[in-house]
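Here's the structure, in C-alpha cells; my notes come after.
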Amino acid sequence: MTTPPLVSPFGGQPPPQAARDVNTASLCRIGQETVQDIVLRTMEIFQLLRNMQLPNGVTYHPNTHQDRLGKLQEHLRMLSVLFRKLRLVYDKCNENCAGLDPIPPEQLIPFVEDDGSKLEDRSGGQNRPGSEERREILEVNKKLKQKNQQLKQLMDQLRNLIWEINSMLAVRS
C-alpha cells in the first residue's frame with residue numbers, strides 16, 4: 001500500500017487559473033448545501049438540548065451528561081465551521097458578481113401577455129417605456145390584492161356558515 005504524495009499535482013506551483021476559478025452557480029449550490037447542513041446541525045443541537053437532563057438530582061447520570069455535553073460541543077464546533085464556510089462562499093460569489101450590471105427584478109419576472117399585444121410589439125418594433133410597464137404592474141398588483149381580499153371575505157363567510165351549521169347539528173344531537 002502506497003501513501004499519496006504530499007506535493008500538489010502541479011509540482012509545487014499554484015494551480016492553473018481555470019482550476020482556481022469556480023463557477024458562480026456551483027458556488028451557489030455549495031452555499032445552498034451549506035445552509036442545509038447548518039439547519040440540520042441546528043436541529044440536532046435543539047434535539048440534544050431537549051433530551052439533555054439538567055443535573056438537578058433526578059436520575060442524573062454523570063457519564064450520560066458528559067457524553068451529551070461532548071456531542072453538543074462538537075455540533076457547535078461544526079456549526080461554527082459551517083458558518084465560516086458559508087461566509088467564504090458568500091464573499092467569493094460577491095467577488096465574482098462585482099463586475100456585473102445589476103438587473104432590476106421587475107425585468108426578470110415574465111409577464112403573460114395576450115396574443116394581440118405580442119403581435120403589436122412585433123409589428124411596431126418599439127418597446128414600451130419602463131414607466132408604462134411599471135404602471136401596468138402596479139395596476140395588476142392592485143387588482144390582485146382586491147381579488148385576494150374578496151376571496152378572504154368569501155372564505156370567512158364560508159367558515160362562519162360551516163360553524164353555524166355544525167353548531168346547529170351539535171344542539172340537535
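Worth knowing before you read on, the calculation uses all heavy atoms, side chains too, and leaves out hydrogens, waters and symmetry mates.
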Using distance alone, with no hydrogens and no angle criterion, decide if Gln32 and Arg29 have a side-chain donor and acceptor under 3.5 Å apart.
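No, because no side-chain N or O of Gln32 sits under 3.5 Å from a partner of the opposite role on Arg29.
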
Under 4.0 Å between a side-chain nitrogen and a carboxylate oxygen: does that hold for Asp91 and Arg87?
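A salt bridge is present here (some side-chain N lies under 4.0 Å from a carboxylate O).
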
If the threshold is 4.0 Å, N to carboxylate O, is there a salt bridge linking Glu74 and Lys71?
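Salt bridge: no.
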
Linking I/L/V/M/F/W/Y whenever their side-chain heavy atoms sit closer than 4.5 Å, directly or via other members, would [X] and [Y] fall into one cluster?
X     : Y     : result
Phe83 : Val81 : no
Met43 : Met78 : no
Ile38 : Leu76 : yes

Could you measure the distance from the [atom1] atom of [X] to the [atom2] atom of [Y]? Nearest 0.5 Å is fine.
X      : Y      : atom1 : atom2 : value
Arg41  : Leu48  : CZ    : CG    : 10.5 Å
Thr42  : Leu82  : OG1   : CG    : 9.0 Å
Leu151 : Met155 : CG    : CE    : 6.5 Å
Leu72  : Asp67  : CG    : CG    : 11.5 Å
Ile45  : Leu79  : CD1   : CG    : 4.5 Å
Arg159 : Leu154 : CZ    : CG    : 10.5 Å

Qualifying salt bridge (Lys or Arg N to Asp or Glu O under 4.0 Å) pairs, either residue in residues 137-150, two or more places apart:
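Counting only pairs at least two positions apart or across chains, the salt bridge (Lys or Arg N to Asp or Glu O under 4.0 Å) contacts touching residues 137-150 are Arg135-Glu139.
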
I'd like to check Ile165 versus Met168 (side-chain heavy atoms, cut-off strictly below 4.5 Å). Are they in contact?
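The answer is no; the side chains never approach within 4.5 Å.
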
For residues Lys92 and Asn96, determine if any side-chain heavy atom of one lies less than 4.5 Å from a side-chain heavy atom of the other.
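Contact flag for Lys92/Asn96 side chains = yes.
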
Which heavy atom of Thr24 sits nearest to which heavy atom of Cys97, and what is that distance?
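Heavy atoms of Thr24 and Cys97 come nearest at CG2-SG, 3.9 Å.
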
